[in-house]
Amino acid sequence: MQLVGHDYVRDRSVGHHGLAGIATLIRTARQEAAEHGAACILLDNGDLLQGNAMADQLAQLPVTPTHPLVACLNHLRYDALGLGNHDLDFGLPYLRAVAGALDMPLVSTNLHLSEPGPLRQWAIVPCPLPSAEGRPSSTLRIGLLSVLPGKTAIWNRDVLEDEAKITCPLESLRSAAPKLRAAGADLILLLAHMGIADEAESVTEEDVCALAEVDGIDAVITGHTHRRFPGQDHRARSGVDTQTGTLSGRPAAMPGFGGSDLAVLELALERDASGLWTVLRHESRLRCNSAETLADPVVLSAARLSHIGVRSHLEEIVGHTDRALHNFFSLAMPTAIDALTARAQAKVIRESVAGTPDGDLPILAAAAAHTAGGRGGPGHFLHIPQGPVQRNHIAGLIPYRNEVWALRLTGADLRRRLETAAEVFALLGGKVGPLVDPRRPPFHFDTIYGVPYEIDPRRARGDRIIDLTWQSEPVRSEQGFLLATNQFRAAGGGGFEGAAEADVALRSPLPLADALIAALAEPGECFWPDAAPWHFGAAGAQAILHTSPEALPFIEDIAHLSPVPCGMTPSGFAQIQICL
């Protein structure tokens with residue numbers, strides 16, 4: 001939903017014009033294709049419906065032809081769209097409504113709906129081949145398959161229950177590709193909404209390299225992980241050529257995220273005497289969408305009213321804070337933003353379970369380190385100044401739609417969750433290196449309030465949590481707790497263990513945004529005696545924390561870690577050496 005290139009949380013440009021800029025790159029690429037006598041189709045690989053406050057607002061309104069995204073996609077004459085996992089976030093009725101308003105097919109091969117409506121499991125796009133050098137014009141029939149990660153069934157369990165199921169991407173493609181050929185597809189392009197494993201030993205049946213090997217697949221557009229391919233975002237390994245842009249020998253591309261790039265995948269085709277088409281050679285490259293890329297006026301116009309309305313809505317004051325709230329150091333210590341999120345969730349759960357058997361359990365609460373740098377870059381942090389709190393600040397605290405859930409945990413369950421969270425840290429040794437493993441997204445880290453504990457990144461993953469206690473006593477494996485968290489984590493999002501249905505004590509209908517606003521209204525409310533539940537237990541160890549340059553005025557917040565600023569990374573992160 002990055003139509004105009006605007007960061008609604010910080011109310012500033014993202015550095016390009018979003019889809020309005022991509023539209024200009026599309027027009028240029030189409031002109032080049034026409035000049036070279038080449039055929040051309042335009043595709044998207046999902047996560048179109050989600051991503052910012054405009055998406056949240058549009059999902060509450062009826063879908064009409066003037067829906068900004070629908071209007072833009074129809075204006076740009078996309079040939080087909082694949083489905084991403086976040087396209088399910090607002091529910092199946094909204095997804096069907098959008099699909100029904102589009103002029104092109106919306107495809108998902110491994111999503112099986114009891115009522116599919118306009119969604120399709122595969123599509124064949126007719127692609128006119130212009131005449132050239134005595135060759136008569138003809139039509140190439142391009143088959144399209146699209147797959148979601150299998151874990152979408154976990155992440156979006158609340159939306160899919162009783163209405164849909166997600167099947168294994170690999171098995172779905174093996175079944176669908178021959179059927180698509182039998183239906184007359186000359187070529188098959190795969191829209192794989194999943195990432196590229198960095199290590200060959202990490203390859204699973206959901207790694208896109210495994211999918212590219214399926215018989216009949218001719219080329220692949222991949223995504224989901226917000227990275228670029230070809231280029232430097234991935235490591236070259238067996239099956240991954242980062243220079244020529246191939247995956248398992250198939251031409252491939254991954255065009256970043258949020259309208260950052262247009263992927264141009266050129267295929268030179270050859271047809272044999274029997275009429276079968278094959279890819280003779282290819283060129284894969286990305287075209288950067290920069291601030292200098294002109295914005296398409298039609299896209300800007302289609303989004304204008306929604307853009308103005310969202311900005312106006314987000315200016316509303318919904319609370320007050322007597323101290324600055326930020327997450328610049330959320331991977332080095334618990335922060336005030338973590339505490340606010342945890343307190344908001346705990347308040348909802350405590351009030352909801354009062355008087356029930358679950359009301360006797362100790363209440364814990366988890367807060368994720370989202371918008372804490374990582375692939376989002378040095379600007380991807382939250383800072384709420386002292387004073388009025390606006391809706392845009394709340395939107396920053398909740399990047400995706402989420403509800404408050406409560407899970408029944410044992411002490412053993414709790415320890416496993418904490419160990420999973422601690423996996424984001426690099427294995428520290430004698431050499432000073434990054435604190436966080438660059439292959440692990442920061443949002444995979446949770447702080448859990450209500451139990452004090454220590455984290456030692458010098459120890460092997462799975463054995464980093466030490467001195468886990470409750471009321472000054474070691475947590476027992478069989479001990480019972482109630483964890484306030486969000487539906488994404490409860491379902492197993494971010495690498496966590498998904499909760500069994502019997503362990504879900506509560507699914508609150510209250511949106512997390514409302515819970516946060518309520519918590520701001522009662523700043524003195526406290527659930528736990530220890531406001532900072534965890535700290536590092538790695539005396540003598542040193543590491544480099546990557547954070548925003550805007551963090552430097554607040555460096556005294558981590559004075560206990562003996563911080564020493566040590567320059568900037570080439571990508572713009574501030575580097576701070578800390579003692580754990």
Side-chain angles (χ1 to χ4, degrees), residues 323 325-349 362-374 381-384 396-399 402 404-407 409 411 413-425 435-437 440-457 461 464-470 475 481-486 488-490 493-497 512 515-516 519 525-538 543 545 547 551 554 557-558 560-561 578 580:
R323 57 182 292 195
L325 305 176
H326 63 78
N327 68 344
F328 296 138
F329 309 121
S330 61
L331 294 165
M333 61 173 284
T335 68
I337 280 182
D338 295 333
L340 172 64
T341 303
R343 189 162 56 84
Q345 294 177 144
K347 176 179 170 64
V348 172
I349 298 307
I363 294 180
L364 314 178
H370 60 71
T371 53
F381 289 87
L382 292 173
H383 176 211
I384 304 174
L397 291 170
I398 312 166
N402 248 319
V404 182
W405 285 23
L407 307 180
L409 297 183
D413 296 331
L414 173 61
R415 182 175 289 276
R416 282 195 299 272
R417 294 188 80 85
L418 291 172
E419 290 287 3
T420 297
E423 289 181 1
V424 302
F425 297 112
L435 174 65
V436 176
D437 185 335
R440 307 259 177 173
F443 75 85
H444 282 196
F445 181 69
D446 269 5
T447 290
I448 295 185
Y449 283 75
V451 284
Y453 55 99
E454 296 182 8
I455 301 174
D456 188 351
R461 289 188 171 96
R464 291 178 165 180
I465 303 302
I466 52 180
D467 292 337
L468 173 61
T469 63
W470 184 73
V475 169
F481 297 94
L482 197 64
L483 178 69
T485 184
N486 60 59
F488 178 72
R489 279 289 196 262
F496 286 77
E497 184 177 345
L512 187 50
L516 286 164
E525 191 173 26
C526 183
F527 292 86
W528 309 283
D530 188 349
W534 71 270
H535 61 273
F536 288 117
L545 173 68
T547 186
F554 299 93
D557 290 1
I558 53 171
H560 62 290
L561 298 175
I578 58 175
L580 280 62

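The figures here come from the full heavy-atom set of this structure, side chains too, leaving out hydrogens, waters and symmetry mates. Here the structure is a predicted model, which is why all the values come from computation and not from measurement.
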Parallel, tilted or perpendicular: which fits the ring planes of Phe328 and Phe554, with parallel below 30° and perpendicular above 60°?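 Correct class here is tilted.
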Return yes if a side-chain donor-acceptor contact under 3.5 Å exists between Asn327 and His383, otherwise no.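 Note: Asn327 and His383 side chains miss the donor-acceptor criterion.
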Are [X] and [Y] packed together at the side-chain level, in the sense that at least one heavy-atom pair is separated by less than 4.5 angstrom?
X	Y	answer
Val424	Asp437	no
Thr469	Tyr453	no
His560	His535	no

Within this structure, what is the [atom1]-[atom2] distance for the pair [X] and [Y], rounded to the nearest 0.5 Å?
X	Y	atom1	atom2	result
Leu414	Leu483	CG	CG	7.5 Å
Phe496	Leu418	CZ	CG	8.0 Å
Phe481	Arg417	CZ	CZ	13.5 Å

Is there a donor-acceptor pair under 3.5 Å between the side chain of [X] and the backbone N or O of [Y]?
X	Y	result
Glu419	Arg464	yes
Tyr449	Ala339	yes
Glu497	Arg416	no
His370	Leu397	yes

Please identify each residue that fulfils side-chain hydrogen bond (donor to acceptor under 3.5 Å, both in side chains) with Asn486, with sequence neighbours left out.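 With sequence neighbours excluded, Asn486 shows a side-chain hydrogen bond (donor to acceptor under 3.5 Å, both in side chains) to no residue whatsoever.
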Does atom CZ of Arg461 have more than 12 heavy-atom neighbours from other groups under 6.0 Å away?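 For Arg461, atom CZ is crowded (more than 12 foreign heavy atoms under 6.0 Å).
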Hey, do the aromatic rings of Phe329 and Phe381 have their centres closer than 6.0 Å?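 Ring-ring flag for Phe329/Phe381: false, centres at least 6.0 Å apart.
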